[in-house]
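Reviewing the structure listed below.
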Amino acid sequence: MSDEPKSTPVTSDDDLPEQMRVRHEKRARLLERGVDPYPVAVPRTHALREIREANTDLAPDTATGVLVGVTGRVMFIRNTGKLCFATLREGDGTELQAMLSLDSVGADSLSEWKTDVDLGDHVFVHGEVITSRRGELSVMADSWQLASKSVRPMPVAHKQLAEETRIRQRYVDLILRPQARETVRTRASVVRSLRDSFHGRGFIEVETPMLQTLQGGATARPFVTHSNALDIDLFLRIAPELFLKRCVVGGIEKVFEINRNFRNEGSDSSHSPEFSMLEFYEAYGTYDSMAVLTRELIQEAAQAVTGSQVVTLADGTEYDLSGEWTSLTMYGSLSEAVGEAVTPDTPVEHLRKLADRHGLEVDPKHGHGKLVEELWEHLIGDHLHAPTFVRDFPLETSPLTRAHRSELGVAEKWDLYVRGFELATGYSELVDPVVERQRLEEQAKLAAGGDDEAMPVDEDFLRSLEYGMPPSGGVGMGIDRLLMAITGLGIRETILFPLVRPE
RNA sequence: GGGCCGCUAGCUCAAUUGGCAGAGCAGCGGACUUUUAAUCCGCGGGUUCGGGGUUCGAUCCCCCGGCGGCCCA
């Protein structure tokens, strides 16, 4: 940030690896010669991409007469006696060759190039756009200058970086691996597509609190922090749901938010303690209409990103997101899987027997709803490959969801499963303030009994419902999961800087 | 939380039964005016994750700890 004096000495650290010591010495020698290894600006005239796009069909050994100033990171370098080659790469991944000959830059400049420039340096090259004898589009330098000296050696570009290094030093991963840069762009395209889809349908984007005074909107363990000014503990939100519903109460009837949620839990191939969440609500929508909208959002995102609703995953296999998607009910599909009728009336003891019979260990504290969900996940959910809506969850474990309009004991809630993981969840929202109060009081009892995932009674939220919330549908969808669904990547690849334990 | 595997040069990885710690790329010196991971000759580079133990001798065997990965819960 700050300008250092030009006389900055070589670092006195003798412990530096040889290669870093050498580069620091080069930097110091440049300063001694009065050459700034970190100039404030260089006279760039063209992006590498512009030169590539303007010269698509040049024959080998062509001189265009066009003079340009270009920049890039030196990715490969091939120095011969009197003619040097370097492959420059710019941020968008475009590469262009720079050539420096004794004839065009002179002996001193060529010799400085050979001694001062390392792999990884950013350089500026001014010269003529030509093609080499082999036909490689190049800039034949008439002058060059360092744009930024790299004092840390770049890892070899031909070997895969260890996974831990890729995640801990994502900047290196981005330098070396085109796929890493592509993932960043894909993610941006997905988020943009979602916003476009919503705006095209008249939805309003809002931002609701990330710092909340009560945890709510989901069952999960929160991160706790503290406000010095208010002297109260605050929770990093686990979900925006209760605030988005307040929006609907207030008349923002088609509303969405894309923002970060935080859950104080471990991470694995499909979980991260902080993750981006999309939630959207629509007055006079139901879990049926929300399922249709959810499918369209995902299909439009796949189309926007890949140009097709049949996407190619990271492992090379194709995955079909097009058309209508399968629906099944939780109790119906579970009954089929265990070979006997399982209903909301099936006693807890019998569910435990079923779990035991299918080799599933369950927490003895689990009630009916949790047992049914775990059995279902174990027997069906984990194996669902094609996009599938599983509908009508146990009422007991869905405290913010409306009871089914005709089926007793189940809630109008669906989960969308894609390749065995949960991608989104949708509801006909519970809007009756009296029933909602009962549900939250049940949750509060669980919390008092030591369940740190249960939510407390949120009086302000209940007050908003008491003013009257229109019948509504709501959906939550993980953005990272959506990336996983469209690309086939693991969650640590879709998140640019995943949380890792400090080195 | 449990089990298994890994951690060695800047990077990616070897190292026989416990016997002088190596390779490729990268680096340094030299040659080379059309290279494409340039090539050729020469050279340097190590707290083998940390601590303890066994042993004449430990990258290797044992114990404790750290970090990571995979599987299970």
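Every chain is numbered from 1 and lettered A, B, ... according to where its sequence line falls, protein lines coming before strand lines.
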Using the [atom1] atom as the reference point in each nucleotide, state the distance between [N] and [M] in Å, no decimals.
N     : M     : atom1 : result
B:G51 : B:C60 : P     : 13 Å
B:C61 : B:A26 : C1'   : 35 Å
B:G53 : B:U59 : P     : 15 Å
B:C7  : B:C20 : C1'   : 24 Å
B:A15 : B:A21 : C1'   : 7 Å
B:U17 : B:A73 : C1'   : 39 Å
B:U47 : B:C5  : C1'   : 24 Å
B:G65 : B:U48 : P     : 22 Å

For atom [atom1] of [X] and atom [atom2] of [N], their distance in whole Å:
X        : N     : atom1 : atom2 : result
A:Leu176 : B:C25 : CG    : P     : 18 Å
A:Asp61  : B:U33 : CG    : P     : 17 Å
A:Asp116 : B:C28 : CG    : P     : 11 Å
A:Glu136 : B:U36 : CD    : P     : 11 Å
A:Arg23  : B:C28 : CZ    : C1'   : 13 Å
A:Leu100 : B:U34 : CG    : P     : 15 Å
A:Leu83  : B:U39 : CG    : C1'   : 14 Å
A:Arg166 : B:C11 : CZ    : P     : 16 Å

Along nucleotides 66-73 of chain B, 5' to 3', which nucleotides get a B, which get an S, and which get a -, given that the test is a protein heavy-atom distance under 4.0 Å?
-SSSS--S
If the condition is side chain to side chain donor-acceptor pair (under 3.5 Å), which residues does A:Arg33 pass it with, not counting sequence neighbours?
A:Asp116
So, using side chain to side chain donor-acceptor pair (under 3.5 Å) as the criterion, who are the partners of A:Thr186 when residues are at least two apart?
none
List every contact pair, protein side and nucleotides 44-47 of chain B side both N or O, where the distance is under 3.5 Å.
| from | atom 1 | to | atom 2 | distance (Å) |
| --- | --- | --- | --- | --- |
| B:G44 | N2 | A:Glu18 | OE1 | 2.4 |

Can you tell me if A:Glu453 and A:Thr219 form a side-chain donor-acceptor pair at under 3.5 Å?
no
So, A:Ser150 versus A:Arg23: side-chain donor-acceptor pair below 3.5 Å or not?
yes
Which residues pass the ring-ring contact (aromatic ring centres under 6.0 Å, His included) test with [X], sequence neighbours left out?
X        : answer
A:His226 : none
A:Phe393 : none
A:Phe275 : none

Could you name each residue pair satisfying ring-ring contact (aromatic ring centres under 6.0 Å, His included) that touches residues 69-111 of chain A, not counting sequence neighbours?
A:Phe76-A:His158
Pairs flagged by ring-ring contact (aromatic ring centres under 6.0 Å, His included) wherever residues 119-141 of chain A is involved - sequence neighbours left out:
none
Need to verify one output field. Residue with the more 5' nearest nucleotide on RNA chain B, A:Ser101 or A:Val117?
A:Val117
Mapping A:Thr115 and A:Gln160 onto RNA chain B by nearest heavy atom, which one lands closer to the 5' end?
A:Gln160
If you measure from CG on A:Leu214 to CG on A:Leu234, what distance do you get to the nearest 0.5 Å?
10.0 Å
So OG1 of A:Thr131 and CG of A:Asp61: to nearest 0.5 Å the spacing works out to 6.0 Å
side-chain hydrogen bond (donor to acceptor under 3.5 Å, both in side chains): pairs with one or both residues in residues 343-355 of chain A, sequence neighbours excluded
A:Glu340-A:His350
Between [options], spot the one nearest the side chain of [X], thanks.
X        : options             : result
A:Val156 : B:U33, B:U34, B:A26 : B:A26
A:Val22  : B:G27, B:U33, B:G10 : B:G27
A:Leu119 : B:U33, B:U36, B:A26 : B:A26
A:Met140 : B:C11, B:U34, B:U12 : B:U34

Taking any heavy-atom pair under 4.0 Å as a contact, classify A:Met154: base, sugar-phosphate, or nothing.
nothing
So what does A:Ala162 hit on the nucleic acid, given a heavy-atom distance under 4.0 Å: a base, only sugar-phosphate, or nothing?
sugar-phosphate
Does anything in residues 64-80 of chain A come within less than 4.0 Å of RNA chain B? Heavy atoms only, and list the residues if so.
A:Phe76, A:Ile77, A:Arg78, A:Asn79, A:Thr80
Can you see which heavy atom on A:Arg492 is nearest to which on A:Pro498, and at what distance?
O-CG, 3.6 Å
Indicate whether OP1 or OP2 belonging to B:U33 is found under 4.0 Å from a side-chain N or O atom of A:Lys82.
yes
Between B:C28 and A:Lys26, is there an OP1 or OP2 to side-chain N/O distance shorter than 4.0 Å?
yes
Does A:Glu336, at its CD atom, have more than 12 non-hydrogen atoms belonging to other residues, nucleotides or ligands within less than 6.0 Å?
no
Give a yes or no on this: more than 12 heavy atoms of other residues, nucleotides or ligands lie within 6.0 Å of atom NZ of A:Lys114.
yes
Below 30° counts as parallel, above 60° as perpendicular, anything between as tilted: where do the rings of A:His368 and A:Tyr331 land?
parallel
Dot-bracket encoding per residue of RNA chain B, Watson-Crick/G-U cut-off under 3.5 Å, | denoting interstrand:
(((((((..((((.....[..)))).(((((.......))))).....(((((..]....)))))))))))).
